[in-house]
Amino acid sequence: MSEEFEKQYNPSDYEDTVNKEWEDSGFFNPDNLNLSDKAESYTIVLPPPNVTDKLHVGHASMIAIEDLLIRYKRMNGFRALWIPGTDHAAIATQNVVEKRLFKETGKTRHDLGREDFLTKVNDFALGTQETILNQIKKMGASMDWSRLAFTLDEQRGQAVKKMFIDMYNDGIIYRGERVVNWCPRCQSTLADDEIEYREQATKLYTFKYSADFPITISTTRPETKLGDTAVAVNPKDERYKKYIGQTFKVDFVGIPLNIKIITDIGVEMEFGTGALGVTPAHSMVDYQMSLKNDLAMIKVIDENGKIHNGFGEYSSLSVAEAREKVVENLRTQGLMIKEEEIQNNLSVCYRCDTGIEPIPSKQWFINVDKKLERLGNKSLKEISLEAAEKNEINFTPERFKKTYIDWMNNLHDWCISRQIWYGHRIPAWYKKSKGEVFVGENAPEGNDWTQDEDTLDTWFSSGMWTFSTLGWPDNFKDGKKINELAKFHPTQLLDTGSEIITLWVSRMILMSYYALGEKPFSNVYLHGMILDEKGKKMSKSKGNGIDPLEVIAKYGNDALRLALLIGSTPGNNAKMSWEKIEAQRNFVNKLWNIARYIIINYELLIINEIPEVNEKDLTAADEWIIYQLNTLKLGVIEDIDNFSFSQAGEKLIDFIWNDFADWYLEVCKFENGNSKKPILIYILRSILKLLHPFAPFVTEVIWKKFNASLLMVEKYPVAGSGAGAIKGGFNIIKNIVTTIRNARSENKVEPAKKVEAIIYAGENFELIKQNEIIIKSLKTGINDLKILKKGEKIPDAIYVAVGEIEIYLIGAIDTAKEKARLEKEIANLEKFVSALNGKLSNKEFAEKAPEKVVTIEKEKLTKAETELSKLKEQLLKI
RNA sequence: GGGCAAUUAGCUCAGUUGGUUAGAGCGUUACAUUGACAUUGUAAAGGUCACUGGUUCGAAUCCAGUAUUGCCCACCA
């Protein structure tokens with residue numbers, strides 16, 4: 001007997017043991033699954049967590065989803081592979097270490113020097129990485145640990161170099177100028193998230209470049225206007241329409257300029273004069289405009305915040321001095337029209353609060369518009385767009401396809417160099433004396449070659465994640481995938497947050513098409529964020545985070561996973577709370593006790609064989625529960641395939657708790673114990689398998705109570721193949737019994753109340769007769785239950801449901817009204833069907849709903865036709 | 001400022017392509033409970049599906065507008 005079967009399930013007593021058994025089995029690695037060569041692969045690469053911090057509950061949610069799919073596919077006979085890894089997250093990680101360093105020692109990275117600083121970052125990264133990997137393992141994620149990767153490890157380094165060099169040789173990677181955010185005090189470029197905004201009062205000057213220039217403009221930075229090459233106006237602005245496209249030569253406070261009049265929808269007609277002086281070299285926005293309009297870039301300010309040479313009297317002045325002088329000159333020339341105080345946002349360096357100067361500097365880029373012969377003469381941008389447009393890659397939820405396409409359409413060349421130290425160093429070498437550039441794995445012969453100081457954007461290496469983890473470039477010979485890469489690429493699913501569609505998803509698609517000529521994955525599943533119970537983002541500073549390991553210690557892995565999976569739908573944020581987790585812990589305990597009850601009462605110990613169920617012995621209740629189980633299987637499989645994990649989970653819980661435990665097991669208590677044995681084993685086995693991907697631990701633990709094998713690699717149930725599966729409306733039987741049971745409890749309060757029921761048995765007369773036993777055994781006190789054979793007259797009754805078995809409760813019914821409604825519906829549907837068929841040229845109908853008629857056609861027609869026949873059937877019965 | 005989304009029971013959310021009486025969990029209330037389940041059962045109460053129009057025989061669902069909230073992008077001359 002099960003001496004260890006406690007009344008309560010205590011997860012921490014079992015989880016580590018089970019986890020170890022899984023790992024020791026080797027089945028996390030699909031090569032050990034003993035599959036035939038024909039088995040299809042199912043690959044997911046784990047979006048590598050940043051090594052900036054340990055995992056939070058959001059990561060746990062991602063792991064729950066991916067493990068669900070991997071376990072589900074593995075049980076379905078797929079070559080299921082889940083590749084683990086971590087991301088070096090260049091800027092973010094460097095920032096964390098830099099900030100910590102500054103806080104602890106007051107030193108900057110420049111004080112330490114590149115080498116010492118990098119040692120510090122690497123130590124930090126290794127430490128967090130270990131924590132992360134331990135966390136993932138504790139969660140029971142069935143990842144293939146033999147394929148563990150890191151975006152900055154040796155192998156990925158080789159892949160990155162090869163990619164850079166190939167792209168350079170193809171002319172895809174080039175070096176050009178780009179406006180960056182520069183801190184003149186720190187003498188370094190700043191990333192977008194290193195910029196802070198301060199509201200300040202400043203002067204807005206309204207003036208003309210010269211007396212003969214037709215448009216008045218406004219600026220807060222007159223000194224940068226020395227580098228203007230255009231004036232931008234809103235395309236809708238009637239005032240300036242006549243000037244658009246013209247170029248004017250002007251003399252601006254002593255400096256000659258060529259000003260072209262361009263349009264940009266970003267220009268506000270109401271602000272200032274509705275015209276904006278465009279300075280491509282010293283404003284991010286203007287730089288973007290200059291790219292769109294092919295404008296020249298004139299550099300005015302240098303790295304020290306001084307005016308470049310060649311600007312006459314302004315040369316070598318500081319920005320502030322130059323501004324004063326320009327303003328003064330405008331005043332004396334009578335060109336200054338207005339000076340006013342306004343509030344605006346000043347960008348400052350997060351570290352030293354110095355105002356930021358946008359200045360141009362040399363950077364590396366990926367050309368997204370260059371057409372490649374290899375890709376059918378299409379550019380990377382075009383081919384990446386096509387992938388989504390032609391549904392080569394699907395998005396869940398679908399609306400994110402639009403986000404992706406919009407972003408791709410506006411994609412400019414991707415700047416891949418970063419002025420930070422932590423990351424893949426750019427494999428480019430310069431000979432300063434001669435201005436030569438060499439791109440290659442190692443420096444060429446000779447002494448005076450120095451390597452580029454910059455590193456690559458972190459997305460450059462993570463963009464290669466689907467194939468760099470599968471042995472690219474070694475597994476790619478003569479344009480063909482070999483070995484692992486051939487077996488597992490393209491992957492099937494990428495599960496990630498919607499906020500990085502642009503940053504990551506788009507780059508992965510682009511790079512995979514470039515390197516392999518194929519998509520990186522077939523499906524993109526966008527999960528939402530996990531928020532706290534008040535709907536706020538979880539963050540360390542707020543202290544509202546939920547630590548996954550704490551949850552596991554308290555309530556177990558399964559409760560955590562179920563709480564994360566249920567109630568969160570694709571693309572929507574989900575709130576998480578201890579209450580929710582507790583509710584799932586209760587369910588897990590319920591399942592435990594269901595198993596406990598069955599195993600103890602029916603003395604099921606070790607039963608490896610699937611029990612034979614003799615259909616002849618089945619009672620109506622048995623058939624009903626089996627029918628429900630089959631409906632459940634269908635639903636769960638369909639839901640998982642549609643990524644509706646929450647719905648699938650809810651269905652499972654509903655069946656297990658309400659149908660199986662509260663109803664069927666209660667009914668069994670009235671019936672003969674041992675005759676139920678096979679069917680109970682059958683159902684218990686089925687629910688354990690069905691639930692395994694959602695709650696792997698408890699299902700495996702229970703499974704082990706009466707099985708020698710691992711549940712993890714059992715075959716997932718197939719819908720419709722269950723013993724004694726029968727079609728029809730067995731739901732009705734449940735309704736009858738429930739109604740009767742309710743009546744019983746009501747009788748206590750209100751003894752006069754009486755419930756009468758008539759069951760229309762039709763073909764299933766025998767089945768209903770059997771059910772009578774259940775009803776009687778439940779001591780309903782209802783004696784006027786009538787069962788009608790097919791053909792017998794049905795008295796006026798309330799119609800409850802359709803199916804092979806129907807129930808009519810005696811009471812009031814307005815049949816005339818019901819009939820009229822159905823007739824009306826049928827008439828409409830007939831109209832619709834004929835319109836779709838084209839048999840009847842219902843012009844009016846087509847005009848009113850042209851979209852429906854044109855686009856839906858066949859499926860709609862079939863659906864409408866079945867609906868129609870159903871309605872007709874119903875009508876006949878009334 | 002631009003883009004995207006959300007708004008359904010006290011709370012958290014489902015609602016599969018428009019279809020009979022809009023569902024679940026938690027919470028609340030009542031009753032039961034020596035039970036396989038100090039974590040159980042049975043029920044009850046609770047909804048103008050944000051608002052206003054439109055399309056339709058029929059709208060939570062489709063369209064337009066309004067309001068509120070959230071996210072992403074940009075940072076403003």
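Sequence lines set the chain letters: A, B, ... in the order given, protein chains first and strands last, and positions in each chain run from 1.
- The distance between atom CD1 of A:I599 and atom C1' of B:C37, rounded to the nearest whole Å, is 14 Å.
- A:R585 places no side-chain N or O within 3.5 Å of a backbone atom of A:G556 that could act as its donor or acceptor partner.
- The CZ atom of A:F400 sits 10 Å away from the C1' atom of B:C72 (whole-angstrom rounding).
- Taking atom CZ of residue A:F645 and atom P of nucleotide B:U16, one finds them 18 Å apart after rounding to whole Å.
- Between the C1' atoms of B:C13 and B:C49, the separation comes to 13 Å (whole Å).
- Listed nucleotides: B:A38, B:U40, B:C37. Nearest to the side chain of A:R596: B:C37.
- Applying the side-chain contact (heavy atoms from CB on, under 4.5 Å) test between A:Y287 and each of A:V180, A:L295, A:T279, A:V179 identifies A:V179 as the sole match.
- Within the 4.0 angstrom heavy-atom criterion, no nucleotide atom of any strand lies near A:E582.
- Of the residues listed (A:L562, A:D639, A:V636), the one engaging A:L652 in a side-chain contact (heavy atoms from CB on, under 4.5 Å) is A:V636, and it is the only one.
- Residue-to-nucleotide contacts include no donor-acceptor pair under 3.5 Å from the side chain of A:K7 to the base of B:C37.
- One interatomic measurement links the two molecules: OH of A:Y555 to C1' of B:U39, which rounds to 11 Å at whole-angstrom precision.
- On the P atoms, B:G65 is 47 Å away from B:A43, given to the nearest whole Å.
- In this structure, A:I594 reaches the bases: a heavy-atom distance under 4.0 Å links it to at least one base atom across the strands shown.
- Base pairing analysis places B:A30 opposite B:U42; the two distances defining the Watson-Crick or G-U wobble pair are each below 3.5 Å.
- For A:S347, taking side-chain heavy atoms from C-beta onward, the closest of the listed nucleotides B:C76, B:A14, B:U42 is B:C76.
- Distances from the side chain of A:Q8 to the nucleotides B:A36, B:A38, B:U42 place B:A38 closest.
- The interatomic distance linking A:W504 (CH2) with B:C72 (C1') rounds to 18 Å, in whole Å.
- Less than 6.0 angstrom separates the ring centroid of A:Y525 from the ring centroid of A:F643.
- Pair check for B:U56 finds none; no Watson-Crick or G-U wobble contact set falls under 3.5 Å.
- Under the Watson-Crick or G-U wobble criterion, with both distances below 3.5 Å, B:C51 is paired with B:G65.
- Take the nearest nucleotide of RNA chain B for A:Y9 and for A:D286: the residue whose nucleotide is more 5' is A:Y9.
- Here the separation of B:C57 from B:U16, taken at their P atoms, is 23 Å to the nearest Å.
- Between the P atoms of B:G53 and B:U61, the separation comes to 14 Å (whole Å).
- The residue among A:K580 and A:N642 whose nearest nucleotide of RNA chain B is located toward the 5' end is A:K580.
- A syn base is found at B:A38: its glycosidic angle is within 90° of 0.
- Atom pair A:R221:CZ and B:C76:P shows a separation of 10 Å (rounding to whole Å applied).
- Base pairing of B:C76: no nucleotide in any strand meets the Watson-Crick or G-U wobble criterion (both distances under 3.5 Å).
- Spacing between B:G41 and B:A5 at atom P, rounded to whole Å, works out to 41 Å.
- Pairing for B:A14 is absent, judged as Watson-Crick or G-U wobble with the two contacts each under 3.5 Å.
- Across all strands shown, B:C71 forms a Watson-Crick or G-U wobble pair, both distances under 3.5 Å, with B:G3.
- Test A:T216, A:V278, A:I261, A:T273 against A:V231 for side-chain contact (heavy atoms from CB on, under 4.5 Å) and you get one pass: A:I261.
- B:U12 and B:G27 have their P atoms separated by 15 Å, with the value rounded to a whole Å.
- In this entry the distance linking CG of A:N658 with P of B:A24 reads 10 Å, nearest Å.
- Taking atom P on both B:A60 and B:U20, the two are 10 Å apart, rounded to the nearest angstrom.
- Put simply, CG on A:L665 is 11 Å from P on B:A36, counting in whole angstrom units.
- Between the A:D558 side chain and the A:V698 main chain, a donor and an acceptor come within less than 3.5 Å of each other.
- Look at A:E357 and A:R221 and you find a salt bridge, because one of the NZ, NE, NH1 or NH2 atoms lies within 4.0 Å of a carboxylate O, short of that distance.
- Within the structure, every side-chain polar atom (N or O) of A:W592 is placed at least 4.0 Å from both OP1 and OP2 of B:U39.
- Ranking B:U16, B:C37, B:C75 by closeness to the A:Q647 side chain, first place goes to B:U16.
- For the C1' atom pair drawn from B:U56 and B:C72, the interatomic distance equals 36 Å after rounding to whole Å.
- Listed nucleotides B:U40, B:U16, B:C75 differ in distance to A:N586; the shortest reach to its side chain belongs to B:U40.
- Residues A:F213 and A:F207 have side chains not in contact (no heavy-atom distance under 4.5 Å, counting atoms from C-beta outward).
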